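Order of the sequence lines sets the chain letters (A, B, ...), proteins ahead of strands, with each chain counted from 1. Since the model is a prediction, treat every value here as computed from it, not as a measurement.
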Number of protein chains: 4
Amino acid sequence: MKTLIKNGLVVNATGTGMADVLIDGETIAAVVAPGSTLLGFNLESNVDVVIDVTGRYVIPGGVDAHTHMEMPFGGTNASDTFETGTRAAAWGGTTSIVDFVVQYPGENPLERYNAWQAKAAGNCAIDYGFHQILSDVQDSSLTAMDELIEEGVSSFKLFMAYKGVFLSDDGQILKAMQKGASNGALMMMHAENGSVIDVLVSQAIAAGNTSPYHHGLTRPWQAEEEATHRAIMLANLTGAPLYVVHVSAKQAVDQIAMARDNGQNVFGETCPQYLYLSLEEQLGASSDEWGTFEGAKWVCSTPLRSRAEGHQHHMWQALRTNDIQMVSTDHCPFCMKGQKDMGLADFSKIPNGIGSVEHRMDLMYQGVVDGHITLPRWVELTSTTPARMFGMYGKKGVIQPGADGDVVVYDPKGHTSIGVQKTHHMNMDYSAWEGYEIDGHVDTVISRGKVVVDNNQYVGTKGDGKYFKRGLSQYLI
Amino acid sequence: MKTLIKNGLVVNATGTGMADVLIDGETIAAVVAPGSTLLGFNLESNVDVVIDVTGRYVIPGGVDAHTHMEMPFGGTNASDTFETGTRAAAWGGTTSIVDFVVQYPGENPLERYNAWQAKAAGNCAIDYGFHQILSDVQDSSLTAMDELIEEGVSSFKLFMAYKGVFLSDDGQILKAMQKGASNGALMMMHAENGSVIDVLVSQAIAAGNTSPYHHGLTRPWQAEEEATHRAIMLANLTGAPLYVVHVSAKQAVDQIAMARDNGQNVFGETCPQYLYLSLEEQLGASSDEWGTFEGAKWVCSTPLRSRAEGHQHHMWQALRTNDIQMVSTDHCPFCMKGQKDMGLADFSKIPNGIGSVEHRMDLMYQGVVDGHITLPRWVELTSTTPARMFGMYGKKGVIQPGADGDVVVYDPKGHTSIGVQKTHHMNMDYSAWEGYEIDGHVDTVISRGKVVVDNNQYVGTKGDGKYFKRGLSQYLI
Amino acid sequence: MKTLIKNGLVVNATGTGMADVLIDGETIAAVVAPGSTLLGFNLESNVDVVIDVTGRYVIPGGVDAHTHMEMPFGGTNASDTFETGTRAAAWGGTTSIVDFVVQYPGENPLERYNAWQAKAAGNCAIDYGFHQILSDVQDSSLTAMDELIEEGVSSFKLFMAYKGVFLSDDGQILKAMQKGASNGALMMMHAENGSVIDVLVSQAIAAGNTSPYHHGLTRPWQAEEEATHRAIMLANLTGAPLYVVHVSAKQAVDQIAMARDNGQNVFGETCPQYLYLSLEEQLGASSDEWGTFEGAKWVCSTPLRSRAEGHQHHMWQALRTNDIQMVSTDHCPFCMKGQKDMGLADFSKIPNGIGSVEHRMDLMYQGVVDGHITLPRWVELTSTTPARMFGMYGKKGVIQPGADGDVVVYDPKGHTSIGVQKTHHMNMDYSAWEGYEIDGHVDTVISRGKVVVDNNQYVGTKGDGKYFKRGLSQYLI
Amino acid sequence: MKTLIKNGLVVNATGTGMADVLIDGETIAAVVAPGSTLLGFNLESNVDVVIDVTGRYVIPGGVDAHTHMEMPFGGTNASDTFETGTRAAAWGGTTSIVDFVVQYPGENPLERYNAWQAKAAGNCAIDYGFHQILSDVQDSSLTAMDELIEEGVSSFKLFMAYKGVFLSDDGQILKAMQKGASNGALMMMHAENGSVIDVLVSQAIAAGNTSPYHHGLTRPWQAEEEATHRAIMLANLTGAPLYVVHVSAKQAVDQIAMARDNGQNVFGETCPQYLYLSLEEQLGASSDEWGTFEGAKWVCSTPLRSRAEGHQHHMWQALRTNDIQMVSTDHCPFCMKGQKDMGLADFSKIPNGIGSVEHRMDLMYQGVVDGHITLPRWVELTSTTPARMFGMYGKKGVIQPGADGDVVVYDPKGHTSIGVQKTHHMNMDYSAWEGYEIDGHVDTVISRGKVVVDNNQYVGTKGDGKYFKRGLSQYLI
Ligand SMILES: [Zn+2]
Ligand SMILES: [Zn+2]
Ligand SMILES: [Zn+2]
Ligand SMILES: [Zn+2]
Ligand SMILES: [Zn+2]
Ligand SMILES: [Zn+2]
Ligand SMILES: [Zn+2]
Ligand SMILES: [Zn+2]
């Protein structure tokens, strides 16, 4: 199967250029000057499919490096399976995800890794890789880190919150980071001070403050800033590279910026929700249907932050200055009915998570339209840097020969209306992005050479996606 | 003329990939998977020249955005003409320079621009563009800025030092920056407090401290840090983007880092001399031939800084953290005999400048070998970012279809010995880099599709290089 | 003449204590436990006057280290003479001022000093000292600095604004600071970038923006921050101690804080107007009488800053953290009629200055009432630190034996209404503080043992005040 | 008993003045101009004792706010009892200590407070107060905080290290700080990340690195910086004032400085050992007697820091800039034989502590001689600020009427040689300060009006010292 995508503006991380892209089988075979007859040889007449994308952008498929498909959490599972979640991702122009294998205390990381491989195998619409979550860092966990790197799992996530579930204490984090410093693994951190948050939550519930709004109030920016700084210091002490997930507080950004100015390999990821949504507007929302429990739709951690405090504005700036390097979704959807509503009487019982895997590329493109970021920066934040950060670059994250044929045709003159009755393929009974309007449209999505979305149709097949064996980070300085 | 460069590792700013590069005429026509028969069509047998670069790097030609060919200064001229200087650049893997048109007080900027065009026309070995130096910012200068942008001169350099020669006062700088903020020009700044330096120099000379070492002592880091901060504040006030040339003091780097963390479009350039050389070792050198005047070989401004103070180490770090974005040479060579020796009795009479245009790519590659930077970062610092910064990207700074056929084949297993009796094509009677050994070698240099250096031979012709009409900066955030 | 002030709460800079204060002649002879019969000896029956101050505060007389009595400026003179201005100061609990001798370009500093001594001699109600303003730093100025220190003038003020009137260029400042570093003089700086301001003012006037509000807009915080940083760097380079006058921008405060954290002897003074008043409310005011020219009442430099930008709030904080060390008035009054109205058509013609010498102690006490500062901090900011900073401590700035009998009895249960028809003894036809209500009252003011204000009466005599020969700063670290 | 100290230079925190000090009973009754006949009355002939201190300093007695007399720790007790320790303090010019009541997990804070009162009662040479250590912050602990404030215990110390012994987790710290924010208590923090240190210690011991030098290496500056930042953030979140004990790392100082610049009530204490001693010279020492175990003499926590890293130099600077506000000793002595030698085979078994209570005033005075601090700053750091910080000012920390008669006569022309065979009254078999020579001498020490040390004799009696019931901090901004 040979496909020629012609007359598009190819957008890579450092700039743009008019070029035709030839995909041969699963791989990009050539990038050629547009309309080139290439020394007399007519490419167009020798391929199976020609897609004319005049006036549109040709970008490397999105890489969402932070998803939680069917993750077990708080007695329920994230509502998207690998099947539904990756299909929704494809709809939105994302052609690779990196999901998290969960290891709870006492469990064996390698066994869990195998279990997750089994869950995903044959079910995915797009390619997928895995990070490994470590909770209690046992001696066997340290050994497993070496083995998992061999398996293509080169990044390990630790938690400074969720005591008894995920939390590692600082000594455990230290040991895992020492291992990371020696074997090249990238250490990922959920940076919130759980011990502080647990007290604040207890106090809030005891005081009768049970609504979702208090989820935000009981996870103050200080808890994130503190944990971020602590993680940075542990990284400094060990020499490990550090990647802070879902940064939402501007003060945490400042800590990351200082560490970087100081020469440390410290990186930060943010998510669309921290750029667009807020404590006041979403967590504080109420509706006819749900009353003040409406806010439960946006209960996630780190929480949505106060717009009055200016976090959202600061986060867009940090994307420009590269103090935050990339945008993932932390996709972890739950339905309101039967899942989120477990916390009707107590916000701390609400499963934490928002579903966005379908909308990330669109939401970030809107940042281009709104003047927050440039067109190349859009690609860099959503595809190139995620690929480099997590050892996928070359195959993913760039339009160049030898790369996987993961290509998205994006139409800047198109339009996308987000909402459960509109664009919505995630397995959720609501949309966290209801009513958002995007001045652009994902026209065609090609995954390893195969068109999977086109003309507003999903034309792929369950199992199209393969496991991606990642290398070490290609972004370290 | 069709050339195929096959089996190389193409290095772009975000990463590497094995690919063959096809140049058709002056332009890159295609980048294809290595060894690809491309749908049955045999590229290799249809081109004029095939260059097999197995085991070597294929990089976009170097862009040196700061040179001063035959610049009149202090009663003499920089010793490299456009002819000799650009040929030396080609020898070193640089295929584009951006030189400075000089406007002295009272002169008309446009007239000077035309004069410089005349000097360069027909003489250059590689492509060239121009920045415009403004001294007294007359009302007509502000008008000229608009006109020069139309001519492809989209960056304007001001000086905070050299009173009576180049210096603009803060009010003049303000006016130029206001214009830059409105027309998109990038404002470049020589950031040293000339008023302070003039006093220190007078005091040193009066005290009998006349040797080149005192050139360094009378231009202390405080003078650079102060001016850098001042330029940043004027940029902040006006909204103009700012590019600080030849940053050498770590404290100046810190000012730039702070401005960037704060969201300002502030950029810094450094030069190889600030990474490798020092006050103690070079300005303080003595020799049989020249005694303590030996240091005159390295008299440039900003000056070489004290190694004891740690500037060099900090500058390499800043290259990693992107607090400094690119590396130019500030190539401004003078011979010791007949030029530098004008200052035998008074260091302030020594023409300021070092010649490095030939060695930048090699010296920075050595930074890869030494573990300071990565391979893609090497290309980013020396080619991609300079091209983006100064509105040349797409044609320059990247290996992609549609780009100019400016390609360098670099051999990581080769070796280069620098010295006047060894590799030295600049018109100077000494080398500032005498004795430097590089663990790599520029094998082949192609400029707009034409091989100009190959097999340690210059095979180009005077006049190969054309004027490059630059656009606005493509690097602004 | 012996006076016993009994039963008061003596407030010094580090804390308070109940104590009786005995003044013998011009000097505090003893501080004794209240009601003490002192080994059987009855103090009370052996003195000439007993003042019972039960329930009130006994504080060292205020030291206002920044006044401009009858200063020639812009073709007119500040409207308070040494006679009227020092009498108003006494009314407000200030018993010492340090005024500025003006040296314009070409003038001899020592001659000017003598002229100022002549102006003040025999006219003052309270003690006075002098700072010396230097404009063009001639070689003879540097010599004069040594001589003036012998005369008790140990601080020298330079200007980075007011070109052609006061401005010294950076080289001149450097030379003066080198001298200060060697002879111990404290260098004072008016830190605003005059070159930038002159352009902005010209542009505003040319655009028809002639009202007082534009005085504020054309002196933006960047101009102050920049000059503050520049002064700090020149101080860093020379080793001179630096005192920045009338700091109003929070960004300038940050520069001072950074310099201090870095170990430099850098100090900042603010004034009541920068704590209470703003661009929006005062410079932007309009009235029936004056229209938008109403704002002229508050035209001073540095200007009142935007409340929306938060400078006032930050300045109170800096007073708490000691990033700003003291509060002076920069008293420089002009009448609206015949003086300020010179700028009716052009704000740049409005004489710059506000009159506050009478109200500083009250306005800062209100800061205690409002919870901004503590009671001892009030005394430290207005009396102790000014005395230490300018070499007067021991005689001024503290209640202790051997100190001058400069004592103020302040009633925290009293009340003071400020306004031209109310408390107003300055020679001005309006009050910059009209309508301000103070929850406290200056009951009694004693200057070198003589009661000069009591029971809302001025009971002193012209000429009571003597010249104070100051020593070097006692505040350096 | 009436004592007149005549002809001395009284040194208070803001400056000096010649004055005679009259003590009547236990209290300073008057401070009078020297040689004053006070309205004809001859003080000198009416007192019991006249001490002529011509040429010497009269200072408020030292306040050492951090001591651990006979503290149970690691199966042994600090070797100084309240009797021996306070007597040694008196020898050194310290007239007040604040010691720590220890509450271990499960214990009742109030009971422990009573136990400590019993230990001290009748045994002390000088006045003493108590801080309360809290470990597990039980609900009853929070209640006890209110009750203890009534008892004069207004400061509470928590530990971020020593798991299972002292450590409070962050949630517990949060709760204690919430209480402190509401009742005005000052929260003290031992800021080291114990979880990290425990791992590093285990790894060192497992690797056979058992000598005292490794005590330093396993408590790296990152562990202190991190915990300091964490404590600051918890204080920020709750609004509690924070006092960080025994700050030794320059990076921790920077965190404190930033918090203060930001307006937080955050304070830092350092100790003489962090100013003078180092990892390399002391922890790394070896001797004939002890071999490399010699370093055990200086095993304390936080540890002595590397001189190569520059902490000591930075700490002196921080004392000048007031980024560190005061100097205590953390006096916690252990003998080498029978105590320190418990750790011969394992540095982690060495009881942590250094004895310095006798030498603090001398060691800090040497800082005046060496040009690090001024004479008034010496008094401020060692007496006035400690008194203000911990609610003792007025009675302690100042020479003024109404203050306790705690006065030290210090001779700047005297000399003190420190060493076990020289000046040494602490109950230790070695001196941590052996060989230190001080260019000054404690001549006379008066505690509440009674001479307790004079003429190199201890002339006091066990039980002279009384419990001091402290108020809330008088240093908050
Ligand atoms: Zn998380
Ligand atoms: Zn940065
Ligand atoms: Zn997550
Ligand atoms: Zn240059
Ligand atoms: Zn003034
Ligand atoms: Zn401790
Ligand atoms: Zn500070
Ligand atoms: Zn302790």
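- Contacts of C:L319 with chain D are absent, with no heavy-atom separation under 4.5 Å from either backbone or side chain.
- Within 6.0 Å of the NZ atom in C:K469, the count of heavy atoms belonging to other residues, nucleotides or ligands does not exceed 12.
- Here the side chain of D:Q400 pairs no donor or acceptor atom with the backbone of C:M18 at under 3.5 angstrom.
- Interface remark: D:N46 contributes backbone and side-chain atoms alike to the contact with chain C (heavy atom separation under 4.5 Å).
- Interface summary for chain C: among D:G397, D:G17, D:A29, the most heavy-atom pairs under 4.5 angstrom belong to D:A29.
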Go through the steps for C:T321 and D:D261 under the test side-chain contact (heavy atoms from CB on, under 4.5 Å), then give the verdict. CA-CA 6 Å; C:T321 59; D:D261 287 352; 5.5 Å; no
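- Within the model, atoms CD of D:Q317 and CD of C:Q264 stand 10.0 Å from one another, a figure rounded to the nearest 0.5 Å.
- Nearest heavy-atom pair across C:V31 and D:P401 is O-CG, 2.9 Å.
- Listed in order of number, the residues of residues 5-16 of chain D that approach chain C to under 4.5 Å between heavy atoms are D:A13, D:T14, D:G15, D:T16.
- Between atom CD1 of residue D:I477 and atom NE2 of residue C:H372 there is a gap of 13.5 Å, rounded to the nearest 0.5 Å.
- Counting heavy-atom pairs under 4.5 Å between each of D:D24, D:D254, D:N262 and chain C puts D:N262 at the top.
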